[in-house]
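First comes the structure, then the notes that go with it.
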Amino acid sequence: MLWTLAPRAAITTPGQGGPVSHLRGKNMSGDAQARYQPQALEPKWQEAWEKAGCFTARRDPARPKYYVLEMFPYPSGRIHMGHVRNYTMGDVVARYKKAQGFSVLHPMGWDAFGMPAENAAMQEGGHPAEWTHNNIAVMKGQMKPLGLSIDWSREFATCDVEYYGQQQALFLDMLEEGLVYRKNAVVNWDPVDMTVLANEQVIDGKGWRSGAEVERRELTQWFFRISDYSAELLDALDGLEKWPEKVRLMQRNWIGRSRGLQFAFSTIDAPEGFDRIEVYTTRPDTLMGASFVAVSPDHPLAKHLERHDAEVAEFVAECRRVGTTEEALEKAEKKGLDTGIRVRHPFDNAWELPVYIANFILMDYGTGAIFGCPAHDQRDLDFARKYGLPVIDTFIAAEAGAPVGNTAFVPPKTEPVRWTRAFGWPEIATGEEAVEAAIGICESRGIGEGVTKFRLRDWGLSRQRYWGCPIPVVHCDACGVVPEKKENLPVELPRDISFDKPGNPLDRHPTWRNCPCPKCGAPSLRETDTMDTFVDSSWYFARFTAPRATTPTDAAEAEYWMNVDQYIGGIEHAILHLLYSRFFARAMHKTGHLPAKCIEPFDALFTQGMVTHEIYMTRDARGRPVYHLPEEIEDGKVKVTGEAVRVIPSAKMSKSKKNVVDPVNIIEQFGADTARWFVMSDSPPERDVEWTSAGAEATHKHLARVWALSRRIADMPASDSGQGDEALMRAMHRAIDEVTRAIEGFSFNKAIAGLYSFTNTLHRAEDASHAAMQAAARVLAQMMAPMVPHLAEEIWAMQGGEGLVAEAPWPVADKAMLVSDTITLPIQINGKRKAEIAVAADAPKEEVEKTALSADAVIKALGGKAPKKVIVVPGRIVNVVV
RNA sequence: GCCCGAGUGGCGGAAUGGUAGACGCAGGGGAUUCAAAAUCCCCCGCUGGCAACAGCGUGUCGGUUCGAGUCCGACCUCGGGCACCA
């Protein structure tokens with residue numbers, strides 16, 4: 001009856017480590033053998049792994065490779081629970097794949113350029129480099145105790161000159177291949193600080209520091225020709241089968257392929273050079289419902305009129321105050337200004353339409369000009385009602401269609417409708433059919449042509465900031481824009497700068513800017529723009545395969561390690577980071593830096609949820625909210641003042657709301673394994689997980705229980721009773737099957753549920769022999785190892801496991817142990833469960849039906865009548881319809 | 001505004017179109033203890049009922065189906081993204 005012995009009885013057995021103090025609950029000074037002490041055992045095993053070199057990635061032609069990567073962190077200062085969750089997920093995959101026999105690459109680095117370092121330098125003095133390096137040191141120190149299976153020998157930061165120098169080499173190669181060019185683009189300009197602002201630095205149309213009204217201003221900027229790859233990036237999404245469908249859909253919509261008609265209206269009373277206005281429309285079928293033409297405030301016509309007409313100048317200036325984000329434009333009140341210019345309808349010379357400048361027309365999309373058909377576009381309808389323009393129906397609902405009132409009639413393009421103003425297709429046709437017909441008819445009449453356009457714009461990479469990778473070009477009076485010579489790379493950021501004035505310190509650096517022209521040698525000026533930090537993160541995954549190479553990549557290393565087999569990160573990167581990386585991989589292939597197989601660099605993608613926490617709020621004397629850290633709260637009150645707090649439901653952890661839990665505190669209190677287990681256990685990984693102190697404590701208790709169970713098993717006397725062995729082994733194989741499948745399916749919460757169940761089974765195992773218990777405990781250690789590697793090592797060692805569990809192969813379930821002879825089937829009557837029957841697993845349908853019909857509840861429900869229908873789903877259910 | 005998700009007990013969640021609530025937390029009861037902590041055992045969707053049991057129940061409304069948390073349509077709420085936050 002060993003299994004019923006309380007752990008206390010087992011561990012107080014003479015010779016087994018002596019009695020535990022029962023008087024002091026959390027006393028850590030007791031015998032090292034007697035209780036679970038993560039603070040002692042975690043560093044011990046981390047040292048053992050390090051000594052054994054377990055996690056150093058090695059090219060091993062004899063083994064398949066596996067590259068697992070978590071999106072690298074921005075060195076903000078401290079790690080948070082989101083990091084813990086992200087890196088634990090990657091670690092589970094890495095350790096599991098290693099156990100499966102793969103040669104694993106699991107690197108870590110730092111996305112180290114970016115605005116916060118400059119902001120810190122401005123606010124607190126110091127240098128962005130110093131701030132960044134300090135943060136990296138602190139965060140690395142916080143990550144190390146987590147026991148992640150990372151190959152730290154490959155670590156780098158994107159602000160290392162060894163990294164960004166190679167990025168400059170890539171840039172030059174891309175420039176040579178025609179993948180980079182310059183053009184004008186609008187930025188947010190703060191007229192007081194005389195500086196360019198990021199979108200997040202613009203609050204309600206004003207600069208975040210100066211408070212000045214932000215203006216849109218045009219600057220000449222560098223662009224990557226990502227739009228050349230629109231079609232390919234779109235079509236290749238179909239091949240990314242191991243990506244979440246939602247991410248592929250978001251990218252598809254972002255790239256936005258559309259089929260439409262491009263044609264020109266001829267103008268009346270327009271300034272010279274504007275005798276035609278080119279428009280693009282995806283609804284040429286509604287051309288007979290056109291009632292106005294609208295151009296963007298950034299359209300050449302608007303710019304021309306602006307110079308000659310005060311009213312236009314004022315309107316355009318107003319439009320430019322709206323900001324640069326699409327969101328701001330879409331949310332702004334739709335406004336237009338009649339230019340007085342008229343155009344002729346292409347089908348009817350006598351039909352004239354007014355030309356407006358409208359704030360909702362984007363210059364970046366299509367031609368920057370549209371025609372409006374109010375009957376079939378809500379925004380056009382609102383516009384038409386506002387400015388008294390005609391509303392002309394071109395089609396109505398096929399059945400009982402009525403003319404448009406205040407709601408535009410916009411059915412799906414696949415729905416058949418009744419055409420009242422068709423020009424060459426049947427009266428009943430779908431939008432799709434009508435669009436294709438309209439394009440064909442217009443082409444044959446010489447009015448424009450059918451074109452495919454994309455929403456995706458070229459990627460502007462210029463940033464007017466210091467803390468980024470310098471763009472390696474030189475501006476020469478004689479030669480123009482000249483690329484720096486490769487042998488002059490890296491173009492290193494100067495250290496002697498200051499942030500005492502707003503703007504980019506590189507612009508006013510006394511010596512750095514001056515350099516000889518790489519072509520003619522004449523005194524010239526360096527480009528002072530640096531690169532968007534998305535550039536840094538668009539190829540770091542490739543650099544990890546050869547982080548010290550003197551070229552951007554190493555062919556042999558890239559050939560072996562690429563692609564990333566599993567990429568893990570936040571859903572917030574679903575579009576930009578992932579799309580830019582996909583483009584960069586293609587560009588790196590074109591410039592000879594990656595093999596062809598790498599153009600889709602991430603084989604599988606997993607997007608994990610956030611870690612959330614309740615927010616605790618009180619109000620100050622003036623009624624302003626005051627937030628409190630979780631550790632300041634006890635029983636719904638602020639510990640110090642006793643004031644009751646308002647508990648706001650779970651939200652993403654953020655410093656300003658103070659709903660943060662510092663992983664360092666959790667590790668100190670409970671150990672890394674508790675933090676790791678908890679973030680993996682409670683929620684499915686793609687969903688948000690709420691951190692609760694109760695959950696963390698419960699996790700710690702559970703791990704201590706497992707430890708004590710292992711201790712008890714290790715101390716069991718050998719016995720020859722083995723009556724319970726078969727049942728235990730069956731449970732063990734079921735657990736192996738369940739846990740393995742859960743990990744394969746990224747359902748770590750279910751893997752942990754399986755581990756709980758198996759632990760309970762092991763705990764209650766009756767009549768099992770010592771040998772079987774030990775075998776089961778060893779398998780438990782193996783299965784726990786990806787989540788709680790330190791505790792797993794300890795159990796493995798206790799149970800006489802050979803070597804390190806980190807090096808042990810993954811257990812394999814014996815299929816024969818998974819099947820049972822009889823199964824229980826639920827019986828439904830009219831779809832509601834009413835009874836259960838036990839049948840042989842391989843019983844034929846007829847026999848199952850017979851057994852089901854003889855069940856008491858069924859006989860009662862039938863009341864002597866024959867069932868209307870009996871549905872037997874073998875192995876699942878029986879439904880009797882009465 | 002546009003694009004993409006998510007909504008299941010007091011809580012986190014589980015469920016190839018087939019027994020809704022696995023596993024865990026919190027809570028309740030009991031054992032052990034001088035007592036507490038810790039540990040162990042049992043109960044635990046809601047309503048009615050002493051009980052057997054019955055009815056209801058997966059954001060809302062409607063539909064498909066022998067059978068819907070799951071599929072379809074409309075809506076509500078919350079979250080992510082919207083090109084210079086990373």
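So you know, we letter chains A, B, ... as the sequences are listed, proteins then strands, and number each from 1.
- The residue A/Val187 sits close to a base: some heavy atom pair falls under 4.0 Å.
- Side-chain atoms of A/Tyr580 lie closest to B/rC84 of the nucleotides B/rC56, B/rC82, B/rC84.
- A/Gln201 is listed as a side-chain neighbour of A/Asn119, based on a closest heavy-atom distance under 4.5 Å.
- Taking a cutoff of 4.0 Å between a charged side-chain nitrogen and a carboxylate oxygen, A/Asp856 and A/Lys860 do not qualify as a salt bridge.
- Mapping A/Glu245 and A/Trp459 onto RNA chain B by nearest heavy atom places A/Glu245 at the nucleotide closer to the 5' end.
- In the set B/rC82, B/rG18, B/rC84, the nucleotide with an atom closest to the side chain of A/Arg465 is B/rC84.
- Atom name C1', nucleotides B/rU33 and B/rU47: the rounded distance is 40 Å, in whole Å.
- Residue contacts for A/Ser537: at a heavy-atom cut-off of 4.0 Å it reaches no nucleic acid atom on any strand shown.
- Going from atom CD1 of A/Ile571 over to atom P of B/rC3 covers 17 Å, rounded to whole Å.
- A/Lys331 comes within 4.0 angstrom of a nucleotide base, judged by non-hydrogen atoms across all strands.
- Side-chain proximity of A/Val873 to B/rG18, B/rA54, B/rA20: nearest is B/rG18.
- Atom CZ of A/Phe534 and atom C1' of B/rC85 are 8 Å apart (whole Å).
- Inspection of the A/Asn749 and A/Ser681 side chains reveals no N or O donor paired with an N or O acceptor under 3.5 Å.
- Note on A/Val880: nothing from the nucleic acid sits closer than 4.0 angstrom, heavy atoms only.
- Salt-bridge annotation for A/Lys386 and A/Glu333: present, with a side-chain N of the basic residue lying under 4.0 Å from a carboxylate O of the acidic one.
- Spacing between atom NZ of A/Lys832 and atom P of B/rA54 amounts to 11 Å, rounded to whole angstrom units.
- For the pair A/Lys334 and A/Phe383, the cation-pi test (distance below 6.0 Å, angle within 45°) is failed.
- The shortest distance between the side-chain N/O atoms of A/Arg455 and the OP1/OP2 oxygens of B/rC2 is not below 4.0 Å.
- Of the candidates B/rC4, B/rC84, B/rG18, the closest approach to any side-chain atom of A/Asn199 belongs to B/rC84.
- Across all strands shown, A/His577 has no heavy atoms under 4.0 Å from either base or sugar-phosphate atoms.
- Under a cutoff of 6.0 Å and an axis angle of 45°, A/Arg182 and A/Trp222 form a cation-pi pair.
- Taking the C1' atom of each, B/rU70 and B/rG63 are spaced 15 Å apart, rounded to whole Å.
- As rounded to the nearest Å, B/rG9 and B/rC61 have P atoms that lie 15 Å from one another.
- Atom C1' of B/rA37 sits at a distance of 50 Å from the matching atom of B/rG81, rounded to the whole Å.
- Atom C1' of nucleotide B/rC84 and atom CG of A/Asn504 are separated by 14 Å, given to the nearest angstrom.
- Of the listed nucleotides (B/rC84, B/rG24, B/rU19), B/rG24 has the atom at the smallest distance from the side chain of A/Tyr756.
- If you find the closest nucleotide of RNA chain B to A/Pro684 and to A/Leu825, the one lying nearer the 5' end belongs to A/Pro684.
- Within 4.0 Å (heavy atoms only), A/Gln251 reaches no atom of the nucleic acid at all.
- Counting non-hydrogen atoms under 4.0 angstrom, A/Gly695 reaches nothing in the nucleic acid.
- In summary, the side chains of A/Arg687 and A/Gln608 do not present any donor paired with an acceptor at a separation below 3.5 Å, with no hydrogens or angles considered.
- The ring-ring contact (aromatic ring centres under 6.0 Å, His included) check on A/Phe454 picks up nothing, with sequence neighbours excluded.
- The aromatic ring centroids of A/Trp459 and A/Tyr580 lie less than 6.0 Å from each other.
- Pairing for B/rC75 is with B/rG59, a Watson-Crick or G-U wobble pair whose two hydrogen-bonding atom distances lie under 3.5 Å.
- Side-chain N/O atoms of A/Arg764 include one lying less than 4.0 angstrom from OP1 or OP2 on B/rC41.
- Side-chain nitrogen and oxygen atoms of A/Asn253 include at least one within less than 4.0 Å of the OP1 or OP2 phosphate oxygen of B/rC4.
- Rounded to the nearest Å, the gap between the P atom of B/rG27 and that of B/rC11 is 15 Å.
- Nucleic acid contact class of A/Arg379 (heavy atoms, under 4.0 Å, all strands): none.
- Residue A/Trp254 is in base contact, counting any heavy-atom pair closer than 4.0 Å across all strands shown.
- Of the candidate nucleotides B/rU19, B/rA83, B/rC66, B/rU19 has the atom lying nearest to any side-chain atom of A/Arg833.
- Atom-to-atom, CD of A/Glu849 to C1' of B/rC66 comes out at 13 Å; the value is rounded to the nearest Å.
- Under the Watson-Crick or G-U wobble criterion, with both distances below 3.5 Å, B/rG21 is left unpaired in every strand shown.
- We find that OH of A/Tyr365 is positioned 16 Å from P of B/rC2, with the value rounded to whole Å.
- The nearest whole Å value for the distance from the CE atom in A/Met531 to the C1' atom in B/rC85 is 20 Å.
- For A/Asp111 and A/Ser537, the side-chain atoms include no donor-acceptor pair closer than 3.5 Å.
- Pairing for B/rG67 is absent, with no Watson-Crick or G-U wobble pair whose two atom distances lie under 3.5 Å.
- Of the candidate nucleotides B/rA15, B/rC84, B/rA83, B/rA15 has the atom nearest to the side chain of A/Lys750.
- Remark: A/Arg455 is positioned above the aromatic ring of A/Trp254, its terminal NZ or CZ atom under 6.0 angstrom from the ring centre and at most 45 degrees off the axis.
- Note: A/Phe224 and A/Phe583 have tilted aromatic rings, judged against thresholds of 30 and 60 degrees for the angle between ring planes.
- Here A/Thr325 does not reach the OP1 or OP2 of B/rC82: none of its side-chain N or O atoms lies under 4.0 Å away.
- Spacing between B/rG21 and B/rG10 at atom P, rounded to whole Å, works out to 15 Å.
- Within the 4.0 angstrom heavy-atom criterion, no nucleotide atom of any strand lies near A/Gln201.
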Base-contact (B) and sugar-phosphate-only (S) positions in nucleotides 69-75 of chain B, heavy-atom cut-off under 4.0 Å, - elsewhere: -------

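- Comparing B/rC4, B/rA86, B/rU39 by their nearest atom to the side chain of A/Met250 picks out B/rC4.
- In this structure, the nucleotide among B/rC85, B/rA6, B/rG80 sitting nearest to the side chain of A/Met115 is B/rC85.
- In this structure, A/Leu456 atom CG and B/rA83 atom P are separated by 13 Å, rounded to whole Å.
- For B/rA83, the OP1/OP2 oxygens have no side-chain nitrogen or oxygen of A/Arg457 closer than 4.0 Å.
- Applying the 4.0 Å criterion to OP1 and OP2 of B/rG24, one finds that A/Ser681 has every side-chain N and O outside that range.
- Out of B/rG67, B/rC4, B/rA86, the shortest distance to the side chain of A/Glu572 is found at B/rA86.
- Using a 4.0 Å heavy-atom distance criterion, A/Ala698 is classed as a sugar-phosphate-only contact.
- Regarding contacts with the backbone of B/rU65, every side-chain N or O of A/Asn879 stays at 4.0 angstrom or more from both OP1 and OP2.
- Not one side-chain nitrogen or oxygen of A/Asn749 sits closer than 4.0 Å to the OP1 or OP2 atom of B/rG12.
- The base of B/rC82 lies outside donor-acceptor range of the side chain of A/Glu326, with no N or O pair under 3.5 Å.
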